[in-house]
There are 2 protein chains.
Amino acid sequence: MPAKNKLSLKPPSGAEALPLYRQVKRELQNIMEAGHYGPGKPLPSEASLARDLQVSIGTLRHAVDELVHEHVLVRRQGKGTFVAPHNRARFMFQFFHVEPRWDPEDDTPKEPEFPDIQCMAFSRDKADEAEARALRIRRGDTVLRIENRLALHGRVVMHDRLALSGAMFRNLTEKRFSERPSTIYALFQTDYGITVLRAQERARAVAAGKAVARVLSLPAGAPVMEVHRLALTFGDRPVEYRVSTINTQAHDYVSMLSKAP
Amino acid sequence: MPAKNKLSLKPPSGAEALPLYRQVKRELQNIMEAGHYGPGKPLPSEASLARDLQVSIGTLRHAVDELVHEHVLVRRQGKGTFVAPHNRARFMFQFFHVEPRWDPEDDTPKEPEFPDIQCMAFSRDKADEAEARALRIRRGDTVLRIENRLALHGRVVMHDRLALSGAMFRNLTEKRFSERPSTIYALFQTDYGITVLRAQERARAVAAGKAVARVLSLPAGAPVMEVHRLALTFGDRPVEYRVSTINTQAHDYVSMLSKAP
DNA sequence: AAGTGGTCTAGACCACCAT
DNA sequence: TGGTGGTCTAGACCACTTA
């Protein structure tokens, strides 16, 4: 982990027009991608980074600002700037979108609740067509398949089916997975140096299959929401493909169109 | 529309800690909320705003930066800064989330398509309980109810049921609604000075009712997605309550968890 | 040519956190 | 006390638009 990275930013190549703060941003991303600056320890200070990269403090802050907006970095006044850790708070606001339905009569502000996650199955298999395409591996490559059920207030409301590239997560065992500190993405981050940055979700309504219906305590054929998620890391490289099935009898899939002021 | 607004920002009140750029931001919001700076004409230049508000250009830009990130303002180099207009592009990326499903074999990049919107019903009625609570009006107050069907590639994939406060949208007629220039939110903005800034959506899977099923060319009872949207303007005041029903046989409800770099 | 936003600099001072 | 990020300033120069 080099504390200093004297880099020739100024003459990047032939036909360039990228503003300096974008070059700095990319440089920071490259360093993070290379695995330095794990979520525990702070990056070098803004002053020293600016010195090393030969840019003004304002330009460096501009680059960091963008990464903070994208939830890649977090700043802590007096302590430093860190790779954004995958703690429960981040999971709840960025990656978990199921909330109990509004009770019309009641005005109690619904507290977002962290789900109770139970592993139902863990296997090592060959990638099928859909998994291979999503994870950008070859069909037949090894994938880890994980099946979870998620409960809120003691009721199972969601069923997850995860697929991970076996090559990316070597030595991942069911034991290690079950003993994860908090969220699955935290395990990716701390044990494999892979930070999930964003995800795309595609949702649809389907009739529940027999197996999933049983898990969700619904009659087979009941309408449920099926959410296909592809989680991405630096360079939009896929990390995880996940199909979630949600019992929306008493819960909603919530999404905010544009952030709050 | 005052071009100058000498304002005493510095001594805001007793127990304050709001940074200066936040005060500037609120001031800009207040002015926009008051109806000045319609989407056609630019705001005063950054230099003149900074002069009038007695802050440095950097501080003023910091405030504008935040409003741009929230899609409240847009900058156009060489032209000026504008209240973000509700054109088709904005509708597609911020308020329309239905996309054709990936064809596994085909690699053609799916072009987002603007839907063909047809009005099926337009009525003036008394607000029911749900509408009143959502729009923060009293039960029995006048609401405008609008029913639309939306088609992509000639196939109806979505049914909308809108409720608007009658007091907020006086003189809105079916004719005027049908002759709207582009999107419904553009009409709110240009004709009523009300700019929708964000929205919350709550989605669930339900069995299609008979009437909606017919519109969507589905058998009654088929699983469909029902999306409840509350659109908000400045101060999070509700503007529109909308229930959309989506045929997800060949389309998905798409959402991105964190924006792209 | 004049006016707009876009980038970049080089400081100053403050608020917070560790020791 | 020293180091961190947070705020604010006062410029300079560039890129784009319009007339």
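The sequence lines fix the lettering, A, B, ..., with proteins before strands; numbering per chain opens at 1.
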Rounded to whole Å, please give me the gap between [atom1] in [X] and [atom2] in [N].
| X | N | atom1 | atom2 | result |
| --- | --- | --- | --- | --- |
| L49(A) | dG5(D) | CG | C1' | 12 Å |
| E46(A) | dT9(C) | CD | P | 15 Å |
| H62(B) | dT7(C) | NE2 | C1' | 16 Å |
| K25(A) | dC8(C) | NZ | P | 13 Å |
| L73(A) | dT4(D) | CG | P | 16 Å |
| R76(A) | dA15(C) | CZ | C1' | 17 Å |
| L60(A) | dT4(D) | CG | P | 13 Å |
| L53(A) | dC8(C) | CG | C1' | 15 Å |

Tell me whether R180(B) at atom CZ has more than 12 heavy atoms from other residues, nucleotides or ligands lying less than 6.0 Å away. yes
Taking only Lys NZ, Arg NE, NH1 and NH2, and the carboxylate oxygens of Asp or Glu, determine whether E99(B) and R202(A) approach each other closer than 4.0 Å. yes
Any carboxylate oxygen within less than 4.0 angstrom of a Lys/Arg side-chain nitrogen, looking at E66(A) and R22(A)? yes
Is any side-chain nitrogen or oxygen of [X] closer than 4.0 Å to OP1 or OP2 of [N]?
| X | N | answer |
| --- | --- | --- |
| S45(A) | dG3(D) | no |
| S56(A) | dC8(C) | no |
| Y21(A) | dT7(C) | yes |
| T59(B) | dT9(D) | yes |
| K79(A) | dA18(C) | yes |
| R75(B) | dT4(C) | no |

Determine whether the aromatic ring centres of residues F114(B) and F96(B) are separated by less than 6.0 angstrom. no
Do H71(B) and F93(B) have ring centres separated by under 6.0 Å? yes
Taking any heavy-atom pair under 4.0 Å as a contact, classify R61(A): base, sugar-phosphate, or nothing. base
Considering only side-chain heavy atoms of Q77(B), which listed nucleotide, dG5(C), dT9(C), dG5(D), is closest? dG5(C)
Ranking I57(A) and R22(A) by the position along DNA chain C of their nearest nucleotide, the one closer to 5' is R22(A)
